[in-house]
Each structure stands twice: as C-alpha cells, then as structure tokens.
Protein chains: 2
Amino acid sequence: MVFSKTCEYGIRAVIFIAQKSENGAKIGIKEIAAGIDSPVHFIAKILQDLSKRGLVQSTKGPNGGFYIDKVAQKRTLADVVRAIDGENIFIGCGLGLKNCSETKPCPLHSEFKLIRSEIQKTLSSATIGDFNESLNLGLSFIKER
Amino acid sequence: MVFSKTCEYGIRAVIFIAQKSENGAKIGIKEIAAGIDSPVHFIAKILQDLSKRGLVQSTKGPNGGFYIDKVAQKRTLADVVRAIDGENIFIGCGLGLKNCSETKPCPLHSEFKLIRSEIQKTLSSATIGDFNESLNLGLSFIKER
DNA sequence: TTAAATAAAGATTTAAAACTCTTTTATTTG
DNA sequence: CAAATAAAAGAGTTTTAAATCTTTATTTAA
C-alpha cells in the first residue's frame with residue numbers, strides 16, 4: 001500500500017546505493033538487486049529513470065556502476081517518491097475523489113489531510129543519505145533475509 | 001494510493017447506503033452506483049462481498065435493495081477496509097519488506113509506525129453511520145460532480 | 001584498437017486489478 | 001402461479017503494474 005512496488009524498490013535502492021557509495025565506490029546493478037531483494041532488470045529500469053532525474057549517478061563500462069554524489073545524498077525521499085509515484089500521495093483524496101477539496105470535502109477529508117501531512121513530513125525530512133549510519137551499524141535493514 | 005480502487009468504492013458505497021437507508025429505505029444497486037460515481041457491476045461485486053460479511057444488508061426482488069441496519073451502522077471503516085484490502089495497510093512495512101519488525105526494522109520503520117497508527121485510529125474511530133448527518137447537511141460529499 | 005564490462009534502451013511477457021457482460025436465484029405482487 | 005424485479009453468481013475482457021528478455025551504446029583497460 002501507500003507506495004507502488006516500483007517506488008518501494010526505488011527507495012530501497014537509493015538508500016542502498018547511498019550507503020555503499022558513501023566512500024566513493026560504485027555499485028553494479030546485480031549487487032544492488034541482490035542487496036535489496038529485487039528483480040535485476042526491474043530495478044535497472046527504475047534506476048535509469050532516477051538517473052535521468054539526477055537522483056542517482058552512474059557510469060558505464062568496466063568498474064562502472066551506480067553511485068550517489070554529495071549533492072544527491074542531500075535530496076529527500078520525497079523527491080524519490082515524487083519521481084516514481086508522482087504527487088498523488090501528497091495531495092490525493094483518500095476516497096479517490098478527484099475534486100475533493102476544502103470547499104467540497106469528502107467525509108474523511110480532514111482526517112486524511114493529517115495523514116498525508118504526516119507522510120509528507122516524514123518523506124521530506126529524510127534525505128537519501130540519512131540512513132547510511134544506521135545501516136552501517138546494523139540498526140536497520142533493507143533486505144528480506 | 002493507500003486504498004485500492006475497490007476499497008475506495010466500497011467505503012463510499014457503505015457511507016452512501018448508510019445515509020440513504022437511515023430511515024429504513026432500501027437502495028438499488030443502480031442508484032448506489034450513480035450516487036458514488038462507480039461502475040454498476042463493479043460495485044455490485046464489492047457489495048456482494050461486504051454483504052456476506054454482514055457489513056451491508058440486502059434483499060432481492062421488487063422493492064429490494066441494499067441497506068445498513070442499526071448494528072452495521074456501528075461497524076467501523078476499519079472493518080470495511082479490512083474486509084476488502086486486508087490487514088496490510090495496518091501492519092505492512094512502508095518499504096514492502098515482509099520481515100520488517102521491531103527487531104529488524106527498515107530505515108523508515110518507526111516513522112511508518114506513526115503513520116499507520118494514525119490511519120488505524122482514523123478508520124477505527126469512524127463508524128459507517130458517522131457521516132449521515134454531514135452528508136445530509138451538504139457538508140461533505142462522496143460523488144465527483 | 002579490440003575485447004570485456006557495464007548501464008541504457010526497447011520490446012515483450014506475466015500477473016493482478018479494474019471493469020463488463022450474461023445467467024441464475026430469490027422475492028414480490030398482480 | 002406467472003411475470004416482473006432485483007441481487008447473486010459466474011465467466012469473461014481490458015487495463016495497468018510488475019517483471020523479463022534482448023539488443024545497443026559507452027567506457028575501460030589490455
């Protein structure tokens with residue numbers, strides 16, 4: 001729920017790459033897929049897209065791979081989500097009504113405003129690089145097993 | 001996001017039926033579909049399912065239709081969501097990790113715990129019948145146009 | 001300057017969700 | 001009891017998301 005599968009993989013990949021490339025290393029797509037438990041070609045597609053938007057960096061050829069530079073480390077998870085799933089999670093109506101608004105609210109409008117703002121706050125206050133340390137210390141995980 | 005389309009329709013339908021049947025009336029499936037802007041046969045399927053679970057009542061034949069009795073008016077939106085989309089929204093990991101837990105948390109675990117509990121609180125404190133008045137007064141809406 | 005490594009791109013397949021259509025069953029009323 | 005009405009049930013179809021496979025382009029290093 002909340003995010004599409006694509007977006008879940010995207011967030012996990014971005015966090016993974018950030019951690020692994022902190023020291024300047026580059027990470028191959030196979031290693032990324034293994035590191036976050038995702039289908040190789042699927043995450044490749046997602047990263048191509050994030051790469052075009054500057055949320056990850058990459059180089060081809062031997063010793064190539066993905067990495068996240070200092071600038072991108074400061075981008076937020078909200079940017080990643082926006083790039084993949086769009087604005088809807090931040091602004092959409094909980095009951096799927098397109099013209100739900102302050103003046104014509106759905107019955108759950110104000111409740112969902114609170115929830116959405118909580119989501120927005122969480123995602124826009126977390127940068128891509130924020131999790132490096134906790135992952136390094138084994139305090140959090142982005143892999144199933 | 002958050003809910004499946006099926007679930008959005010389901011919630012809207014249930015709220016609609018609750019309001020319209022408050023006085024004991026029964027509402028036909030066509031009227032429901034029109035009242036919440038949903039495909040007739042699709043919402044019919046959803047209501048069949050909710051009916052089996054006792055979240056709505058129905059009778060066949062002339063003057064038949066759907067309604068929601070006193071008991072079901074007291075059921076919560078959480079029950080409806082659980083019936084259609086399952087538990088996942090209440091317990092699932094924000095990053096889609098199946099074995100994310102307190103002891104093996106994903107990087108966003110605690111943040112999502114807050115968000116989920118907000119969703120849970122909202123849905124389980126709102127009964128199906130809670131919106132009758134606000135809909136009657138034209139203070140909230142469950143239809144696009 | 002060629003071979004190997006690697007990401008990018010494109011095309012295709014699979015699976016799940018959303019939606020539609022047809023037939024059946026139950027109920028009511030004349 | 002027959003006809004009409006309305007939901008239930010079942011069997012599709014369409015659309016979208018997810019996943020896979022194949023080919024191309026770029027880079028490096030021998």
Side-chain angles (χ1 to χ4, degrees), chain A residues 1-14 16-17 20-21 25-34 36-68 81 83-86 88-89 95-96 98, chain B residues 1-14 17 20-21 25-34 36-68 81 84-86 88-89 95-96 98:
Chain A
M1 319 290 146
V2 184
F3 305 126
S4 68
K5 212 110 220 326
T6 306
C7 195
E8 290 176 356
Y9 288 141
I11 297 172
R12 276 150 65 185
V14 144
F16 180 80
I17 300 169
K20 295 295 182 191
S21 68
K26 289 171 197 155
I27 330 296
I29 190 69
K30 286 196 289 275
E31 192 183 342
I32 296 168
I36 67 170
D37 280 320
S38 78
V40 178
H41 293 287
F42 194 33
I43 191 63
K45 281 279 168 225
I46 299 167
L47 288 175
Q48 280 167 33
D49 190 46
L50 293 178
S51 165
K52 280 178 200 147
R53 295 164 189 266
L55 286 162
V56 304
Q57 286 68 46
S58 70
T59 59
K60 290 183 180 179
N63 310 316
F66 293 86
Y67 61 101
I68 291 181
V81 171
I84 299 175
D85 278 351
N88 211 38
I89 193 171
L95 299 186
K98 293 202 186 57
Chain B
M1 319 287 144
V2 184
F3 305 126
S4 68
K5 211 111 222 323
T6 305
C7 194
E8 290 176 356
Y9 288 141
I11 297 172
R12 276 150 63 185
V14 144
I17 299 169
K20 296 293 181 193
S21 68
K26 289 170 198 156
I27 330 296
I29 190 67
K30 286 197 289 276
E31 191 183 343
I32 295 168
I36 67 170
D37 279 320
S38 79
V40 178
H41 293 287
F42 194 33
I43 191 63
K45 281 280 168 223
I46 299 167
L47 288 175
Q48 280 168 32
D49 189 47
L50 293 178
S51 165
K52 280 180 201 147
R53 295 163 188 268
L55 286 162
V56 305
Q57 285 68 47
S58 69
T59 59
K60 290 183 181 180
N63 311 316
F66 293 87
Y67 61 101
I68 292 181
V81 170
I84 299 176
D85 278 350
N88 212 38
I89 194 172
L95 300 186
K98 293 203 187 55

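Reminder, nothing fancy here: chain letters follow the sequence lines and each chain counts from 1. Here the structure is a predicted model, which means the values were calculated and not measured.
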Asks: With a sphere of 6.0 Å drawn around NZ of B:K5, does it hold more than 12 non-hydrogen atoms of other residues, nucleotides or ligands?
Replies: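 Atom NZ in B:K5 is packed in, count exceeds 12.
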Asks: For B:S58, which residues count as a side chain to side chain contact (heavy atoms under 4.5 Å, CB included) partner, sequence neighbours excluded?
Replies: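 B:S58 satisfies side chain to side chain contact (heavy atoms under 4.5 Å, CB included) with B:S51, B:F66 once adjacent residues are dropped.
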Asks: My understanding is that only residues two or more places apart in sequence, or in another chain, count here; which of them pass side-chain hydrogen bond (donor to acceptor under 3.5 Å, both in side chains) with B:D37?
Replies: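 In terms of side-chain hydrogen bond (donor to acceptor under 3.5 Å, both in side chains), with neighbours along the sequence ignored, B:D37 is linked to B:R145.
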Asks: Rounding to an integer number of Å, can you tell me how far A:I29 CD1 sits from D:dA19 C1'?
Replies: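 Rounded to the whole Å, the gap is 14 Å.
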Asks: Heavy atoms only, 4.0 Å cut-off, all strands: where does A:I27 land among base, sugar-phosphate and nothing?
Replies: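 If one applies the 4.0 Å heavy-atom cut-off, A:I27 turns out to touch the sugar-phosphate alone, with no base involved.
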Asks: Separation of B:E31 atom CD from D:dA7 atom C1', in whole Å?
Replies: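 Value for this atom pair: 15 Å.
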Asks: Between P on D:dA8 and CG on B:L47, what's the gap in Å once rounded to a whole number?
Replies: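 Taking CG of B:L47 and P of D:dA8, I get 8 Å after rounding.
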Asks: If I take atom CD from residue B:Q57 and atom CG from residue B:L50, how far apart are they, to the nearest 0.5 angstrom?
Replies: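 That separation rounds to 10.5 Å.
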Asks: Angle between the two end axes of the helix from C:dT1-D:dA30 to C:dG30-D:dC1, five base pairs per end, rounded to 10 degrees?
Replies: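 Between the first-five-pair axis and the last-five-pair axis there is 0°.
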Asks: Please produce a list of atom pairs where a protein N or O lies less than 3.5 Å from an N or O of nucleotides 14-18 of chain D.
Replies:
unit_1, atom_1, unit_2, atom_2, d
D:dA18, OP1, A:K5, N, 3.0
D:dA18, OP2, A:T6, OG1, 2.9

Asks: B:A44: what forms a side chain to side chain contact (heavy atoms under 4.5 Å, CB included) with it, not counting sequence neighbours?
Replies: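 B:A44: side chain to side chain contact (heavy atoms under 4.5 Å, CB included) contacts with B:I29.
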Asks: Just to verify, what does B:K60 make a side chain to side chain contact (heavy atoms under 4.5 Å, CB included) with, not counting sequence neighbours?
Replies: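 Partners of B:K60 under the side chain to side chain contact (heavy atoms under 4.5 Å, CB included) test: none.
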Asks: What's the separation between atom CD1 in B:I46 and atom CG in B:L55, rounded to the nearest 0.5 Å?
Replies: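 Reported to 0.5 Å precision, the distance equals 13.0 Å.
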Asks: How would you list, by chain and number, every residue that makes a side-chain hydrogen bond (donor to acceptor under 3.5 Å, both in side chains) with A:S4, sequence neighbours excluded?
Replies: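 Checked A:S4 against side-chain hydrogen bond (donor to acceptor under 3.5 Å, both in side chains); matches are A:D85.
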Asks: For nucleotides 28-30 of chain C, print each protein N/O atom paired with a nucleotide N/O atom at under 3.5 Å, atom names and distance only.
Replies:
unit_1, atom_1, unit_2, atom_2, d
C:dT29, OP1, B:N63, ND2, 3.0

Asks: Report the distance from atom CG of A:L47 to atom CD1 of A:I32, rounding to the nearest 0.5 Å.
Replies: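 Between A:L47 CG and A:I32 CD1, I get 5.5 Å after rounding to 0.5 Å.
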Asks: Not counting sequence neighbours, which residues clear side-chain hydrogen bond (donor to acceptor under 3.5 Å, both in side chains) with A:N63? List them please.
Replies: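 Per chain and number, A:N63 pairs via side-chain hydrogen bond (donor to acceptor under 3.5 Å, both in side chains) with no residue.
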Asks: Please produce a list of atom pairs where a protein N or O lies less than 3.5 Å from an N or O of nucleotides 9-12 of chain D.
Replies:
unit_1, atom_1, unit_2, atom_2, d
D:dA9, N7, B:K45, NZ, 3.3
D:dA9, N7, B:Q48, NE2, 3.3
D:dG10, N7, B:K45, NZ, 2.5
D:dG10, O6, B:K45, NZ, 3.4

Asks: Any salt bridge (Lys or Arg N to Asp or Glu O under 4.0 Å) pairs touching residues 42-54 of chain A, not counting sequence neighbours?
Replies: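 The answer is A:D49-A:R53.
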Asks: Grab the NZ-P distance between B:K30 and D:dA8 for me, whole Å please.
Replies: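 Interatomic distance, NZ of B:K30 to P of D:dA8: 14 Å.
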Asks: Taking CD1 from B:I43 and P from C:dT20, how many angstroms apart are they, rounded to a whole number?
Replies: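 For the pair B:I43 CD1 and C:dT20 P, the rounded distance is 12 Å.
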Asks: What is the distance, rounded to the nearest whole Å, between atom CD1 of B:I84 and atom P of C:dC19?
Replies: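 Distance, rounded to whole Å: 13 Å.
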Asks: Could you list the residues that satisfy side chain to side chain contact (heavy atoms under 4.5 Å, CB included) with A:P39, not counting sequence neighbours?
Replies: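 Per chain and number, A:P39 pairs via side chain to side chain contact (heavy atoms under 4.5 Å, CB included) with A:Y9, A:F42.
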Asks: Once you round it to whole Å, what is the distance between P of C:dA18 and CD of B:E8?
Replies: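 Rounded to the whole Å, the gap is 9 Å.
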Asks: What is the distance, to the nearest angstrom, from the CD1 atom on B:I36 to the P atom on C:dA18?
Replies: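 Distance, rounded to whole Å: 14 Å.
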